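Down below is the structure, laid out as structure tokens.
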Amino acid sequence: MPTVKGDSMRGLAVFISDIRNCKSKEAEIKRINKELANIRSKFKGDKTLDGYQKKKYVCKLLFIFLLGHDIDFGHMEAVNLLSGNKYTEKQIGYLFISVLVGASNELMKLVIQAIRNDLASRNPIHVCLALQCVANIGSREMAEALSQEIPKLLVSGDTIDSVKQSAALCLLRLQRSSPDIVSMGEWTSRVIHLLNDQHMGVVTAAASLIEALVKKNPEEYKGCVTLAVSRLSRIVTSSYTDLQDYTYYFVPAPWLSVKLVRLLQYYPPPEDPTVRTKLAECLETILNKAQEPPKSKKVQHSNAKNAVLFEAINLIIHMDSDPNLLVRACNQLGQFLQHRETNLRYLALESMCLLATSEFSHDAVKKHQETVINALKTERDVSVRQRAVDLLYAMCDRSNAEEIVSEMLNYLESADYSIREEMVLKVAILAEKYAVDYTWYVDVILNLIRIAGDYVSEEVWYRVIQIVINRDDVQGYAAKTVFEALQAPACHENMVKVGGYILGEFGNLIAGDPRSSPSVQFQLLHGKFHLCASSTRGLLLSTYVKFINLFPEIKPQIQDVLKQYNQVRNADVELQQRAIEYLQLSSVASADVLATVLEEMPPFPERESSILAKLKKKKPAVKDNVDLKDRPVHVNNTESTEPAVNNQPASSASTTAVSGDLLAPPLPAPTAATTNNVPNNNTALLVDLMSEPPAPSTQIIDDITPTASVTTDTEANFSSFGNMGAKNNFANEQLTDAKQFVCKNNGVLFENDLIQVGIKSEFCQNLGRLGMFYGNKTSFPLQNFKVDVVYPPEANAELNIQLKPCDPTIEGGAQVQQLINVECIDDFIEAPLLNLKFMYSGAQQNITVRLPLTINKFVQSTQMNSTTFFQRWKQLSAPQQECQKIFTAKNSMEPDQIKLKLMGFGLTLLEGIDPNPENYVSAGIVHTRNLQVGCLLRLEPNKQAKMYRLTLHTTKESVSKRLCELIEEQL
């Protein structure tokens, strides 16, 4: 509100004074009501009000509104003020509109017309007022009406600097509120060149705008890199006197420097050697200035200097190409680790976590290990201790793993409750990753359970059991160690679970010692039985029946326990069923049958640790890849890889935070425990496929109607899949080229400002399972989230697709997953689409993406010798069984690359079969429900002509043609 000077608005000054002099709330309301009545009568009855009087009364209404009272009139008078030529009248009019006129108000059309008139004015003050109003309101209607006029103002040579500055900030506001409307179009290059403007204010505003535009479309604005480096060079090499008006406590243009350095982080290192050298010099200069004595003792000076420094270090880490800069950045951060400012210690630890991931600076980070450990012990701020834990985790390798794990275990006993669970996961991961002697690993996990048993998740004790079962050399030690741990007076329930499982499998390895005889083991476990939850009791019952097989001498003792009234009449149905079935099994079955049913668990398939999935749920920044979740089964089970005592699905992978990495979908939860052997082949991964009748929501492809601002079709990326759906403008989407999924099963399928759609898939014969991951990139929930399958015309008989339920709401920053089961019934050409619908900020969004399903996904490799191959080759020589193509190579013709592509199609590479060693021969079988199609391939590369001759023999012509097309696309 403008300052009141003299008697220019005496009535307003008197009114404000009256309000301040009121002795009570009732007196204030009475005075305000009196004034409102007077203003209302003036607006209605006095037709001769001039601009000054309207301005005065509108100011009074604004003041009343700011006091917390509703204003339901005066809007039209404020709009009328916009047509005046006096600055103060326009200023008050725009102020009232910005505060009190909503975007949906019926007066908005008049306001936009007034703004358009002022934007065309030759008076720069009027133009700035109009731009500020647009930026304050930022409605979609304004963006649609003015998205052409404002960019013209920004790039026009006649526009003065202050107007350019306001125009850039106004466009930034509109771009954030309506990104699908605001587009620079033909003015892109001229907007980029604003970075070279003489006026620093214009450059600062333009840098903010360009950064927002680069987020939306990096490729279109990549020309800004050279100009940004040039401008940054001029800033960092100048003295504070050169940019006196834009120097903040002896730091030249710190805000602009930060914006420019952040802008460069959206692009890889410059390809031009000159630009790359200049950028390196800029970064070196920033690091050198950080070493100089401070020019001022005031905190503002250090804050400005450190802001530029930390952003420069982020750029160095992003580039990850200059070892000298990376090491210097690490040394500079090391000086901050003991700084008296808590924020600097926090930021230094956070940045060093990123440096630890670089091969060039990892060793330099390790030099600060003792300092970080000391910070973990002595730091008062829990957030800084959290970062210290993260850094220890990041700098850990085989050389220092035991020391770091030991320090983290020591700290865990006194750690804050908020970070204990995450620390447990990290210690478990490090112990497994860097264990040379797995007895050490067993000790670490048991210590974890002893120290922080409440925070040891199921994934941790599942994993230790898997490793013990898979490694013969550690089984006896694990049984002995867990037996000793169970003798502690206060034993955590997780220790009982691990002990029950391991002793049930390998208790015989320590039974020779009288101190751990079968009877002692049984009494030790049963002494914990009444203190445990139902799930643990179920596991112990399974251990008891295992003991009957391992130790027949204590069979009567165990049967007596199973016969007890509180077992066979247990209120818990699961425990009652186990007790009765195990008792009957031990009574009826012969020794041979009992030994077969209760034999030792076979080894689990070697995969990456599922503990990483739990850690990713806590910390999205973790970069490790996670494979499908493995769970140990105590009683052998074909339907589950989860402990038989707990038939509830795990909760760790259902909803997880967004990041660029995708968590693997969990294996399906069982419904009951069975007593058969667990298969070790790949089919175990797909045991639940098509177990329920498919019930996807389908519709004909032509019926898809975009209903919102975000609508996308990945058809452009499947160029050979027909021409289905309309092409869309991908201005706001980042769409991964889906051709890469022909030979690849994991990755990001679609991404825009709202959502990331990722996929992780696996296939076995004619069955497949897709794990879809929907990550909310915003801070607001995506509501009414629904996914439908949309089949191409007449294609729903070729693929059977079953969608598992998906959460209808994705919270801000969260990720949910959905499993999709696929069965290939017959060979197909066009893959179905997924139609994603959800509400964001009250607007319906509709996204259509094509599932990356191609016929080669259902190819299984097969081995052949030379004789068998050529015999089959001759048998499939009919014209309808052969497909031959000669085509130009699109990619590298290196042998390793060609082999990887062919194996990516699921084909077996048969080496030494073709007389010409430079040719490639492969074989495979396409599996569908209706038939199996054998495929024989011969690829002849001509490196001089950069051509391929591809010959494919199959038992079905359509499959030959489709595979030829796909292979041609990839090669």
Side-chain angles (χ1 to χ4, degrees), residues 211 215 257-269 279-280 282-284 286-287 290 305-339 341-373 375-376 379 381 383-397 399-401 404 408 419 422-423 425-426 429-430 433 612 615-616 618-625 657-661 813:
E211 182 184 353
K215 288 181 185 177
S257 300
V258 168
K259 291 176 188 293
L260 293 172
V261 176
R262 191 178 296 149
L263 181 60
L264 293 171
Q265 293 175 42
Y266 289 95
Y267 295 96
L279 178 57
C282 291
L283 296 173
E284 280 193 26
I286 293 172
L287 292 175
K305 187 169 71 171
N306 290 332
V308 179
L309 173 63
F310 276 100
E311 206 60 58
I313 291 174
N314 287 340
L315 178 58
I316 292 171
I317 296 170
H318 167 75
M319 293 168 60
D320 196 22
S321 58
D322 192 325
N324 178 53
L325 284 176
L326 285 163
V327 173
R328 285 199 60 191
C330 181
N331 294 336
Q332 181 62 51
L333 292 172
Q335 297 177 18
F336 289 140
L337 291 180
Q338 295 177 314
H339 199 279
E341 288 288 336
T342 304
N343 285 341
L344 283 180
R345 297 197 300 273
Y346 179 93
L347 292 171
L349 289 167
E350 189 175 49
S351 297
M352 289 187 81
C353 287
L354 299 175
L355 279 170
T357 62
S358 171
E359 60 177 320
F360 301 118
S361 56
H362 183 77
D363 290 338
V365 173
K366 285 168 59 179
K367 294 178 181 178
H368 302 281
Q369 180 177 321
E370 292 302 322
T371 306
V372 179
I373 291 173
L376 188 63
E379 182 60 53
D381 191 303
S383 61
V384 181
R385 294 198 296 272
Q386 171 71 73
R387 295 287 80 77
V389 171
D390 292 343
L391 181 53
L392 286 174
Y393 177 77
M395 70 167 61
C396 188
D397 58 22
S399 66
N400 60 4
I404 287 179
M408 292 176 77
I419 64 175
E422 186 180 326
M423 283 194 67
L425 293 173
K426 288 183 173 179
I429 291 170
L430 294 178
K433 188 174 183 181
L612 289 171
L615 183 59
K616 283 189 177 184
K618 302 286 291 180
K619 298 283 286 182
V622 176
K623 298 297 182 186
D624 306 78
N625 293 323
V658 180
S659 70
D661 305 300

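Everything quoted here is computed from the prediction, not taken from an experiment.
- Smallest separation of non-hydrogen atoms from K215 and Y266: CE-OH, 2.7 Å.
- To the nearest 0.5 Å, the span separating CG on L347 from CG on N306 amounts to 8.5 Å.
- Here E311 pairs with R262 in a salt bridge; the nearest charged N to carboxylate O distance falls below 4.0 Å.
- The pair R345-D381 fails the salt-bridge criterion, with no side-chain N (NZ, NE, NH1 or NH2) lying under 4.0 Å from an Asp/Glu carboxylate O.
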Under the side-chain contact (heavy atoms from CB on, under 4.5 Å) rule, what do H318 and L315 come out as? Steps first, then yes or no, please.
-> CA-CA 5 Å; H318 167 75; L315 178 58; 4.2 Å; yes

Verdict with supporting geometry, R385 and E379, salt bridge (Lys or Arg N to Asp or Glu O under 4.0 Å) | CA-CA 6 Å; R385 294 198 296 272; E379 182 60 53; over 6 Å; no

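- D390 contributes atom CG, which lies 11.0 Å from atom CE of M395 (distance to the nearest 0.5 angstrom).
- Taking all atoms of both residues into account, the shortest heavy-atom contact from D320 to S358 is OD1-OG, 2.6 Å.
- In this structure, a donor-acceptor pair under 3.5 Å is present between the side chains of N400 and Q369.
- Heavy atoms only, all atoms of each residue included: C396 and A401 are closest at SG-CA, 3.5 Å.
- Judged purely by atom type and a 3.5 angstrom limit, S361 has no side-chain atom pairing as donor or acceptor with the backbone of V327.
- Across every non-hydrogen atom of L392 and I404, the tightest pair is O-CD1, 3.7 Å.
- Within a 6.0 Å radius of CD in Q265, more than 12 heavy atoms belonging to other residues, nucleotides or ligands are found.
- We find the NZ-NZ distance between K426 and K433 to be 12.5 Å, quoted to the nearest 0.5 Å.
- Between M408 atom CE and Y393 atom OH the span is 9.0 Å, to the nearest 0.5 Å.
- The heavy-atom pair separating L309 from I286 by the smallest distance is CA-CG2, 4.0 Å.
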Using the side-chain contact (heavy atoms from CB on, under 4.5 Å) rule, take Q386 and L349 through it: C-alpha gap first, then chi angles, then the decisive distance, then the call.
-> CA-CA 9 Å; Q386 171 71 73; L349 289 167; over 6 Å; no

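- A side chain to side chain contact (heavy atoms under 4.5 Å, CB included) with C330 is found for exactly one of M352, H362, K367, K366, namely M352.
- For F336 and Y346, the gap between ring centers reaches or exceeds 6.0 Å.
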side-chain contact (heavy atoms from CB on, under 4.5 Å) assessment of R328 paired with L283 = CA-CA 10 Å; R328 285 199 60 191; L283 296 173; over 6 Å; no

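- A donor-acceptor contact shorter than 3.5 Å links the side chain of T357 to the backbone of L354.
- Between S351 and the choices I316, L333, L391, the side chain to side chain contact (heavy atoms under 4.5 Å, CB included) rule is met once, by L333.
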Kindly indicate, with the supporting measurements, whether the criterion side-chain contact (heavy atoms from CB on, under 4.5 Å) is fulfilled by T342 and V384.
-> CA-CA 8 Å; T342 304; V384 181; 3.7 Å; yes

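- One finds no salt bridge joining K259 and E211 here, because no Lys/Arg side-chain nitrogen approaches an Asp/Glu carboxylate oxygen to under 4.0 Å.
- Annotation for F360 and P323: closest pair CD2-CG, 3.6 Å, computed over non-hydrogen atoms.
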